[in-house]
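Note sheet for the following structure.
As the structure is a computational prediction, the values presented were derived from the model and not from experiment. Below, chains carry the letters A, B, ... as their sequence lines are ordered, and counting in each starts from 1.
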There are 2 protein chains.
Amino acid sequence: MAQDRLPPMLQRLWGREPAPRRGPRPRLDLVTITAAAIELADAEGLAGVSMNSVATKVGVAATALYRYIGSKDDLLMLMSDAIAADPPDPSGRPWRDYLAEWTRLQRDLVLKHSWVLQITKFAPPLGPRRLLWLDRALAALDGTGLDDGEKINVASALTGYALTDAAIVEAAGTGVQEFTEAGIESAADYGELLVELLDPERYPAASAAVRGGAFRGAEGWIHDDDFRFGLDLLLDGVEQLIARRASGSHGGG
Amino acid sequence: MAQDRLPPMLQRLWGREPAPRRGPRPRLDLVTITAAAIELADAEGLAGVSMNSVATKVGVAATALYRYIGSKDDLLMLMSDAIAADPPDPSGRPWRDYLAEWTRLQRDLVLKHSWVLQITKFAPPLGPRRLLWLDRALAALDGTGLDDGEKINVASALTGYALTDAAIVEAAGTGVQEFTEAGIESAADYGELLVELLDPERYPAASAAVRGGAFRGAEGWIHDDDFRFGLDLLLDGVEQLIARRASGSHGGG
DNA sequence: ACCTGAACACCGTTCAAGT
DNA sequence: ACCTGAACACCGTTCAAGT
């Protein structure tokens, strides 16, 4: 970096806005603006969030918002950090138990505001709330023998999993135009469609799976089992890694 | 479904456009249009892809494109299926070896056209090329004792991992505005910034990790090790699942 | 039937002018 | 200093008119 001054956006994100300048008092603040934008996104999706719609909702001209944020992208970033609740307390809980809940909560959070999926860049966390989640995951892994880098990688893999699972659930639900357009509303519908589309010669394994009824799932699209499945895959992997570390074998790649 | 006629978009995707109608011969075709759009996206990012820019590139008025596609979203979907190459042949290879390569190739593919990250909805695959990748993963898992549903879940988890890792690499590289804005160009920069931002009382574990040098990684952002790390976590989990199945214990959730 | 050009209803962002 | 209104350079999409 070699640059002590934080960029304005980060200052805003961390609530370090400098002392109030003189002149007329501001009519708005970032919390109000961000909350209005989130409300719009929850109600109408990200398409419902324009500078104009947000400004109207807070009772101001669109251009006035540029007194508070640098660009619409800034606003999107504020929104995606703001939706995060506080993580649960890991103290005294077994790491696996805690991280399973930690991951599920992150997934549920994203599902409650599924528009974040269109924003999130999967970047390393920069906002105060996301960093709090990272902090608690690292704390939960204390005493496992993993080093800090490994702990961070574990947390990152789990966060990634939470996001992708949320994206899958969302896409299967009502997210994807092509699906609703094709009248696909359940895994069974999807299976039927694949039966029609897949040439068994070019797609032998997938054809067999589809024709064998791999997509039954009568009621809907996604079982909660599917979330558990991938999560357990990852946590089993972590458990093995911890066991390896504990047994003293530090085999590296 | 209960509806035999495929929606126009799926017909286009699967090359099942009905016999040519009469009237003037079309000047264009979907392959040409899609290729032009991909070229624009590769060169200028997704922002460079507008109906106008694509139309200009293929020598036609913007509105003429609506003879070929229903909407811009259709075009984006065609683009994201078109970039997929053919998957490697799994026959005779150990499943773990194959799936490791399969996952890495998917990640590299996404990195070569990183704009797909802004499109992809992580929906179950519908395009001919993505379904081919799924087919090969299922084939690679033949003889492991996993059932079709489990195989599909494994493939889905690995694809999700490929996408999230690509997103992380991309974000760390040049993707995220806030990072470049803050002058963050390496993991070390990121670590320095966090030292300044994190209050050790509120973020005890993260502060300790950061101050302990968890983000050294002198040269750049991401080691290839980080990709291997998460991948091995998942594959270790799969291996354990297979072992459990082989030993006859069918413990369910 | 394909393609064009004008038109519609939007965008995000700038900038000078008001208070 | 905050806020407004006009203006700019775009969007995606529609529709009637040309061939």
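For the pair A:R25 CZ and C:dT19 C1', the interatomic distance rounds to 17 Å; values are reported in whole Å. We find that CG of B:D29 is positioned 16 Å from C1' of C:dA1, with the value rounded to whole Å. The CG-C1' distance, from B:L65 to D:dC11, rounds to 14 Å in whole Å. Between A:L28 atom CG and D:dC3 atom C1' the separation is 10 Å, expressed in whole Å. As a whole-Å value, the separation of A:R67 CZ from C:dT19 P is 17 Å.
Distance alone, capped at 3.5 Å, is enough to place a donor-acceptor pair between the B:W133 side chain and the B:A85 backbone. B:R136 contributes no side-chain N or O that, together with a main-chain N or O of B:D86, makes up a donor-acceptor pair within less than 3.5 Å. For the pair A:D135 (side chain) and B:A206 (backbone), a donor-acceptor distance under 3.5 Å is present.
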*Should B:R16 and A:L197 be marked as a side chain to side chain contact (heavy atoms under 4.5 Å, CB included) after you check the CA-CA gap, both sets of side-chain angles, and the distance that decides it?*
CA-CA 10 Å; B:R16 297 196 184 172; A:L197 287 175; 4.2 Å; yes
*Is there a side chain to side chain contact (heavy atoms under 4.5 Å, CB included) between A:I83 and A:R129 once you walk through the steps?*
CA-CA 9 Å; A:I83 56 167; A:R129 314 186 79 91; over 6 Å; no
*List the steps, then state whether side-chain hydrogen bond (donor to acceptor under 3.5 Å, both in side chains) holds for B:D29 with B:T32.*
CA-CA 6 Å; B:D29 58 86; B:T32 309; 3.0 Å; yes
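If you look at B:Y161 and B:F227, their ring centroids are closer than 6.0 Å.
Contact between B:I69 and B:R12 at its shortest, heavy atoms only, is CA-CZ, 4.1 Å.
For A:K72, the listed nucleotide lying nearest its side chain is C:dT13; candidates were C:dT4, D:dA1, C:dT13. Comparing C:dC3, C:dC2, D:dC2 against the side chain of A:Y68 picks out D:dC2 as the nearest. The side chain of A:Y66 approaches C:dT14 more closely than any other nucleotide in the set D:dC3, C:dT14, C:dC3.
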So which protein N/O to nucleotides 5-7 of chain C N/O distances come out below 3.5 Å?
from	atom 1	to	atom 2	distance (Å)
C:dG5	O6	B:T63	OG1	3.0

_Intra- and inter-strand pairs of DNA chain D in dot-bracket (Watson-Crick or G-U wobble, both distances under 3.5 Å; | for another strand)_ = ||.|||||...|||||.||
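Taking a 4.0 Å limit (strictly below) on heavy-atom distances, residues 36-56 of chain A does not reach DNA chain D anywhere.
A heavy-atom distance below 4.5 Å is not found between the side chains of B:S53 and B:T56.
Neither OP1 nor OP2 of C:dT19 sits under 4.0 Å from any side-chain N or O of A:R27.
If you run side chain to side chain donor-acceptor pair (under 3.5 Å) between A:D165 and each of A:R107, A:R104, A:Q106, only A:R107 comes through.
We find the CG-CG distance between A:D73 and A:L78 to be 11.0 Å, quoted to the nearest 0.5 Å.
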